[in-house]
Engineer: 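I have a structure I would like to understand better, so I am pasting it below and will then ask my questions one at a time.
Each residue takes its place number in the sequence, starting with 1.
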Amino acid sequence: QVQLVESGGGLVQDGGSLRLSCAASGRTFSSYAMAWFRQAPGKEREFVAAITPTGRSISYADSVKGRFTTFRDNVKNTVYLQMNSLKPEDTAIYYCAARQGGTYYLVTEEYDYWGQGTQVSVSS
């Protein structure tokens with residue numbers, strides 16, 4: 001079992017930056033692949049980024065590639081999402097998710113644990 005708590009959301013202007021954090025409980029964080037998803041009002045939850053347990057392999061959605069960066073600190077049991085050049089269309093609730101094992105997936109069904117989400121709002 002792992003519990004996830006996101007933080008770092010807020011309101012920023014178009015072009016601004018935010019860094020989200022997702023802190024995980026438990027001593028086996030380094031064995032979990034982690035991912036970020038987001039859900040805008042009236043839309044399905046969509047993939048944003050994912051990272052393997054070692055951090056050596058990372059994937060991004062095309063919509064955020066070049067603007068967002070995910071990385072993890074396995075000593076601090078935390079995964080991060082650095083978001084730069086934010087756009088109004090990035091407005092959503094952002095969730096982190098975890099699955100045990102060395103492979104990440106880009107779909108929600110593959111993840112066993114979810115955080116409560118953090119709101120990111122980008123004004124134009």
Engineer: Working to the nearest 0.5 Å, report the span between CD1 of I58 and OG1 of T52.
Structural biologist: 7.0 Å
Engineer: Got L106 and Y104 here, is their nearest side-chain heavy-atom distance under 4.5 Å?
Structural biologist: yes
Engineer: Using the side-chain contact (heavy atoms from CB on, under 4.5 Å) rule, take N74 and R72 through it: C-alpha gap first, then chi angles, then the decisive distance, then the call.
Structural biologist: CA-CA 6 Å; N74 286 345; R72 62 192 296 162; 2.8 Å; yes
Engineer: I'd like to check L86 versus D14 (side-chain heavy atoms, cut-off strictly below 4.5 Å). Are they in contact?
Structural biologist: no
Engineer: Would a 4.5 Å heavy-atom cut-off, applied to side chains only, mark M83 and R67 as touching?
Structural biologist: no
Engineer: Could you state the interatomic distance from CZ (F47) to OG (S63), rounded to the nearest 0.5 Å?
Structural biologist: 9.5 Å
Engineer: At what distance, to the nearest 0.5 angstrom, does OG of S57 lie from CD1 of I51?
Structural biologist: 8.5 Å
Engineer: For a 4.5 angstrom cut-off between non-hydrogen side-chain atoms, does T78 reach F29?
Structural biologist: no
Engineer: Check whether any side-chain N or O of Q13 sits under 3.5 Å from a backbone N or O of V122 as a donor-acceptor pair, and report yes or no.
Structural biologist: no
Engineer: Return the minimal non-hydrogen interatomic distance between P53 and S30, and the atom names on each side.
Structural biologist: CB-O, 3.1 Å
Engineer: Do S17 and Q82 touch side chain to side chain, with heavy atoms closer than 4.5 Å?
Structural biologist: yes
Engineer: Verify side-chain contact (heavy atoms from CB on, under 4.5 Å) between T118 and Y95, making sure each step is shown before the conclusion.
Structural biologist: CA-CA 7 Å; T118 185; Y95 299 89; over 6 Å; no
Engineer: Can you check whether S31's main-chain N or O pairs, donor with acceptor, with Q100's side chain at less than 3.5 Å?
Structural biologist: no
Engineer: Answer yes or no: are there more than 12 heavy-atom neighbours, outside K65 itself, under 6.0 Å from its atom NZ?
Structural biologist: yes
Engineer: Is there a donor-acceptor pair under 3.5 Å between the side chain of R99 and the backbone N or O of A33?
Structural biologist: no
Engineer: Measure from the side-chain N and O atoms of Q39 to the backbone N and O of I93, and report whether any donor-acceptor pair falls under 3.5 Å.
Structural biologist: no
Engineer: Under 3.5 Å, side chain of S25 to main-chain N/O of Q3, donor-acceptor pair present?
Structural biologist: yes
Engineer: Spell out, yes or no, whether L4 and Y111 are grouped together once hydrophobic residues are joined by side-chain heavy atoms under 4.5 Å, including indirect joins.
Structural biologist: no
Engineer: Going from CZ on R19 to OG1 on T69, what distance comes out if it is rounded to the nearest 0.5 angstrom?
Structural biologist: 9.0 Å
Engineer: Is there a side-chain contact between V48 and L81 (heavy atoms, below 4.5 Å)?
Structural biologist: yes
Engineer: Do Q119 and T91 come close enough that some side-chain heavy atom pair is under 4.5 Å?
Structural biologist: yes
Engineer: State plainly whether one hydrophobic cluster holds both V79 and Y113, where clusters connect Ile, Leu, Val, Met, Phe, Trp and Tyr through side-chain heavy atoms under 4.5 angstrom apart.
Structural biologist: yes
Engineer: Determine whether a donor-acceptor pair (N or O, by modelled atom type, separation under 3.5 Å) exists between the side chain of S85 and the backbone of G15.
Structural biologist: no
Engineer: Once rounded to the nearest 0.5 Å, what's the spacing between atom CD of E6 and atom OG of S21?
Structural biologist: 10.0 Å
Engineer: Under 30°, 30 to 60°, or over 60°: which ring-plane class applies to W114 and F37, parallel, tilted or perpendicular?
Structural biologist: tilted
Engineer: Which value, rounded to the nearest 0.5 Å, describes the distance between S121 atom OG and L18 atom CG?
Structural biologist: 9.5 Å
Engineer: With a 4.5 Å heavy-atom cut-off, do R38 and V64 have their side chains touching?
Structural biologist: yes
Engineer: Would you say the ring centroid of F68 lies under 6.0 angstrom from that of W36?
Structural biologist: no
Engineer: Going by an N to O cut-off under 4.0 Å, is there a salt bridge joining D90 and K87?
Structural biologist: no
